[in-house]
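Worksheet: the structure to be examined is printed underneath.
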Number of protein chains: 2
Amino acid sequence: MFDSKLILSEKKISKTKFRTDLLTLFYNSKKSLSVEDILIFFNYSVNKATVYRSLESFESKGLIHKVPDNYNHKRFSICKEINCAVNSYDNNHGHFICYICNQTFCLDDMPIPSINSIKGYDIHELNLTAKGYCESCK
Amino acid sequence: MFDSKLILSEKKISKTKFRTDLLTLFYNSKKSLSVEDILIFFNYSVNKATVYRSLESFESKGLIHKVPDNYNHKRFSICKEINCAVNSYDNNHGHFICYICNQTFCLDDMPIPSINSIKGYDIHELNLTAKGYCESCK
DNA sequence: TTTATAAATGCAAACTAGTTGCATTTTTTT
DNA sequence: AAAAAAATGCAACTAGTTTGCATTTATAAA
């Protein structure tokens, strides 16, 4: 299992009640989370600026990674790897966004092809995003 | 060559001076265009609301297609196919965004693998976006 | 060509996600 | 227990985008 407080310690992030609960929420959630999802979960008892700042902290320490979102809003998933690539979409796998529920899923089974360059472009990152109907919505 | 007025007629879009010039700009541009790019080109002589509404019109008629943007701003390219998939990124090819100039290029040479489903997800669209350094910036 | 109908435009105001400054509180370090 | 550092709440702000409405321009009908 995971121990949110221990993980926050290791990453040198202050163990406030909110950040501990937020990290636990990420570990327990099978879904990616938007700022709105988080505010709803905490019944708007936390300030949105705090949410944004916590997410930025978690992301910069490699605890969570950005995932694409149908509305181009900020959305994150827990990193399955110990240390995620910082400040970019996790580039190990593709993502899937459902037309109906707008949920973003990590497709661990869909590895991204490794292409280093094409027609003169020097490629450093490659993101693969699928859209359609997820298991519960189709 | 192309005839912007004829194309607007075919798509049943009013042939105003601005829309004709805008479509011509798209046809002449090797680059994708953001709202800001367009405002600059027209020296801010057109209202931004008009730009947004024209882009929406062009996109819904399949004349232009959305491309990914480093800042999540609206950005479009002319459709090379006669009828683009409406209201989505053109899904025939990948896109490349340059770290330096933030320009988005269509990678016609990078076809997107055809995957219909994976692990229970019903895939209807697949977008591939690369980032790195473009020819002029590297 | 004139008339009427529909679509496009400009402007200002509104909307919304996200950010920032600052005073206060909480956590960590010593 | 005291000092230093980090996190929080709040309000104000930013910037891209959208909307309502009156006016102008383009299209279709007579």
Side-chain angles (χ1 to χ4, degrees), chain A residues 3-26 32-61 63-64 66-76 87 102 104, chain B residues 3-26 32-61 63-64 66-76 87 102 104:
Chain A
D3 179 334
S4 292
K5 289 195 178 181
L6 180 64
I7 294 164
L8 290 176
S9 285
E10 285 171 357
K11 295 294 184 177
K12 298 197 173 69
I13 299 169
S14 286
K15 286 165 287 182
T16 61
K17 174 142 186 34
F18 172 65
R19 293 192 174 203
T20 310
D21 291 349
L22 178 60
L23 186 55
T24 302
L25 173 61
F26 268 109
S32 61
L33 299 171
S34 66
V35 172
E36 186 65 13
D37 292 337
I38 293 167
L39 286 171
I40 290 171
F41 181 84
F42 288 98
N43 269 291
Y44 295 92
S45 62
V46 67
N47 192 273
K48 62 175 178 168
T50 301
V51 175
Y52 281 107
R53 288 189 274 225
S54 297
L55 291 172
E56 204 207 317
S57 166
F58 287 10
E59 193 203 8
S60 73
K61 297 296 174 63
L63 290 176
I64 58 177
K66 218 179 275 176
V67 299
D69 178 275
N70 241 355
Y71 306 111
N72 284 339
H73 295 171
K74 296 215 160 176
R75 181 176 283 277
F76 296 87
N87 284 326
N102 291 306
T104 305
Chain B
D3 179 336
S4 292
K5 289 196 177 181
L6 180 64
I7 293 164
L8 290 175
S9 284
E10 285 171 356
K11 294 293 185 177
K12 297 197 173 66
I13 299 169
S14 286
K15 286 165 288 183
T16 61
K17 174 142 184 33
F18 173 65
R19 294 193 174 202
T20 309
D21 291 348
L22 178 59
L23 186 56
T24 301
L25 173 61
F26 268 109
S32 61
L33 299 171
S34 67
V35 172
E36 186 65 14
D37 291 337
I38 293 166
L39 286 171
I40 290 171
F41 181 85
F42 288 98
N43 270 292
Y44 297 91
S45 62
V46 67
N47 192 271
K48 61 180 175 165
T50 302
V51 174
Y52 281 105
R53 288 188 275 227
S54 298
L55 291 172
E56 205 208 316
S57 166
F58 286 10
E59 193 202 8
S60 71
K61 297 295 174 62
L63 290 176
I64 58 177
K66 218 179 275 176
V67 300
D69 179 275
N70 244 353
Y71 305 112
N72 283 340
H73 296 171
K74 297 218 157 175
R75 182 176 282 279
F76 296 86
N87 285 325
N102 291 306
T104 305

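Naming: A, B, ... by sequence-line order, numbering from 1 per chain.
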Under 3.5 Å, is there an N or O donor on one side and an acceptor on the other linking the side chain of A:Lys17 and the base of C:dT26?
->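 Per atom types, no contact qualifies.
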
Looking at C:dG18, does its base get a donor-acceptor pair with the side chain of A:Lys74 below 3.5 Å?
->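 Not at all, since no donor on one side and acceptor on the other fall under 3.5 Å apart.
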
Base, sugar-phosphate alone, or nothing: which one does [X] contact when heavy atoms must sit under 4.0 Å apart?
| X | result |
| --- | --- |
| B:Lys15 | sugar-phosphate |
| B:Phe18 | sugar-phosphate |
| B:Ser54 | sugar-phosphate |

Specify the closest pair of heavy atoms between A:Thr20 and A:Lys15, including all atoms of both residues, with the distance to one decimal.
->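 The pair with the smallest heavy-atom distance is OG1-C, 4.0 Å.
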
How far does OG of A:Ser60 sit from CD1 of A:Ile13, to the nearest 0.5 angstrom?
->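 Rounded to the nearest 0.5 Å, the OG-CD1 separation comes out at 6.5 Å.
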
Approximate separation, where rounding is to 0.5 Å, of B:Ser34 OG and B:Leu55 CG =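 Interatomic distance, B:Ser34 OG to B:Leu55 CG, rounded to 0.5 Å: 9.5 Å.
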
Compare side-chain N and O positions of [X] against OP1 and OP2 of [N] and report whether any pair is under 4.0 Å apart.
| X | N | value |
| --- | --- | --- |
| A:Thr50 | D:dC10 | no |
| A:Ser14 | C:dT26 | no |
| B:Arg19 | D:dT25 | no |
| B:Thr16 | D:dT27 | no |
| A:Lys5 | C:dT27 | no |
| A:Tyr52 | C:dG18 | yes |
| A:Arg53 | C:dG18 | no |

Short side-chain donor-acceptor distance under 3.5 Å, A:Asp21 and A:Thr24 |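 No, no side-chain donor-acceptor contact under 3.5 Å.
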
Check: B:Arg75 side chain, B:Ser32 main-chain N or O, donor-acceptor pair, under 3.5 Å =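 Present.
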
Most 5' of B:Ala49 and B:Lys12 on DNA chain C, judged by nearest nucleotide |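 Mapping each residue to its closest nucleotide by heavy atoms, the 5'-most match is B:Lys12.
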
On DNA chain D, check which nucleotide each of B:His73 and B:Asn47 is closest to and give me the residue with the more 5' one.
->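 The residue closer to the strand's 5' end, by nearest nucleotide, is B:His73.
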
How do B:Ile13 and B:Arg75 order along DNA chain D: which one's closest nucleotide is nearer the 5' end?
->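 Here B:Arg75 is the residue nearer the 5' end.
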
